[in-house]
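The structure presented is a predicted model; accordingly, all values stated were derived computationally and were not measured. We count ligands from 1, going down the list as the structure has it; atoms in each ligand are counted the same way.
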Amino acid sequence: MARGTPDPVANQGRRETLAAAAGVDAVEASVHLQRFSVAFEFPVAFTSGLFDPGNPVLIDTLSRLEPDRRHRCLIFIDDGVLAARPFLPAEIGAYARHHGARMALVAEPISVPGGEKIKVELHFVEQMQRQLFEHRIDRHSYVIAIGGGAVLDAVGLVAATTHRGVRHIRVPTTVLSQNDSGVGVKNGVNLYEQKNFVGAFAPPFAVLNDLDFIEALPPRERIAGMAEAVKVALIRDDEFFRWLERHSDDLVVFERAAMAYMIRRCAELHMRQIAHGGDPFETGSARPLDFGHWAAHRLETLTHYHLRHGEAVAIGIALDTRYSVLAGLLDPAAEERVRFLLEHLGFRLWHPALERAMPDGRHAVLEGLREFREHLGGELTITLLAEIGIGLEVYEMDATLVLQAIADLKARAAR
Ligand SMILES: NC(=O)c1ccc[n+]([C@@H]2O[C@H](COP(=O)([O-])OP(=O)(O)OC[C@H]3O[C@@H](n4cnc5c(N)ncnc54)[C@H](O)[C@@H]3O)[C@@H](O)[C@H]2O)c1
Ligand SMILES: [Zn+2]
């Protein structure tokens, strides 16, 4: 009999013993271990001109499981994307007509607020759910989200919870969402001033990365997303870090081929962690790819999201790199390389919120450590740096050293 399968005969004697010990009837008292596993797979495409009628990526994705069906699709588009590409709905309409035998839009693409707004105001989730209800989206229909990480997170939550899960295709349109969040398995919105307080782990049906969207993105957003590439290179891949150093001049001017490689390599490293890291749904205490993130999440909240996620991550990386040096884990020469690369890419490695005190006098950023642990449950696990390319998990942080690291960052910024 397979491991973990309940075996009523073999368990009978043990049940009776347990029941007798507990003083209850053997028929009432029994524990069966239910066990099954589900394999997840989803394509992640890198393309351009996704909605050119001649581009097969989208229609092949829709038809992957049922090639002969006409697939119903409801599309939400980030309003920032729409502002940059006002003809996008018309292009999508033309694409759907061209592939009309296999694809049907149940409505015109629907504009939704881009950026954190869609995640902090919960009524947007309900509004989108109403759209799914009104257009009779079922588990075999598709909900397609075109937008930045915030829109993907919110639409992902809608798709994961409506009918307990409908097919969700992500079309990430920012550097950050193409190289990091879009290929992940998480979604969610913010509540009680806590990021991603409400959400679910729900792998998408597919992720379709179109490089053309990046060209429409404001420079600040393009730079911000590169922080995740620096982050994952630092803890996983020294060769990628050296590539980033060698190509930083190209990345600064958003040279297309360099941007394409940076996004793709970063996405691959994130995908590898999810597939092979052993804990895709983060049931343990570790968040191995969240280097620099405990402080970053705190800074985002403290600045009411004026700092972009990537900008906060760059500061978080600088802080945890400094801390790694102060804790005797990392060579100071490695820290110089990290700082040089981040500053060269255009990041500022200081923000006054790092020093902020809460009304009760507690240090606001240090509180982030507590929040970080609570979000995960269990023990605190923070990734630091041992070398460039090698992350190191620690289970406590010394508050005095954190404050010293903050002071050092401030002193460096003042030079
Ligand atoms: N689910 C995850 O695993 C995960 C991981 C990391 C980050 N996130 C979340 O992602 C969010 C940040 O995402 P983001 O950095 O992609 O930014 P964003 O979604 O906040 O978008 C930034 C701005 O860019 C606009 N925009 C998006 N695409 C555009 C385009 N192609 N052209 C012009 N404007 C465009 C948006 O309207 C918005 O104003 C945060 O909420 C963060 O918590 C989620
Ligand atoms: Zn991040």
Problem set entry | Centroid-centroid under 6.0 Å between Phe281 and Phe40 rings | yes

Exercise. Using a heavy-atom cut-off of under 4.0 Å, does the side chain or the backbone of Leu217 touch ligand 1, or both, or neither?
Worked result: both

For this session: List the steps and the verdict of side-chain hydrogen bond (donor to acceptor under 3.5 Å, both in side chains) for Glu255 and His247.
Result: CA-CA 10 Å; Glu255 195 267 320; His247 292 84; over 6 Å; no

Seminar exercise, completed: Atom name of the N, O or S atom of Glu228 nearest to the Zn ion (ligand 2) is OE2

Seminar exercise, completed: The protein heavy atom nearest to atom 6 (C) of ligand 1 is Ser181 CB, 3.6 Å

Seminar exercise, completed: Within the 4.0 Å heavy-atom cut-off, what Asp78 brings close to ligand 1 is side chain

Exercise. Within less than 4.0 angstrom of ligand 1, does Gly114 place any heavy atom?
Worked result: yes

For this session: Check whether any side-chain heavy atom of Arg69 sits under 4.5 Å from a side-chain heavy atom of Ser63, and report yes or no.
Result: no

For this session: Heavy-atom distances under 4.0 Å are what count here, so tell me which part of Lys195 touches ligand 1: side chain, backbone, both or neither.
Result: side chain

Problem set entry | Contact check, side chains of Asp79 and Lys117, non-hydrogen atoms, under 4.5 Å | no

Exercise. What atoms of ligand 1 come closer than 4.0 angstrom to any heavy atom of Thr174?
Worked result: 14 (P), 16 (O), 27 (C), 28 (N)

Problem set entry | Atoms of ligand 1 close to Asp153 [distance to a heavy atom under 4.0 angstrom, numbered from 1] | 1 (N), 2 (C), 8 (N), 9 (C), 44 (C)

Problem set entry | Parallel, tilted or perpendicular: ring planes of Trp243 versus Tyr261, cut at 30 and 60 degrees | tilted

For this session: Between Glu116, Arg308, Glu221, flag the one that comes closest to atom 18 (P) of ligand 1 by a heavy atom.
Result: Arg308

Problem set entry | Axial cation check for Tyr142 ring with Arg72, 6.0 Å and 45° limits | no

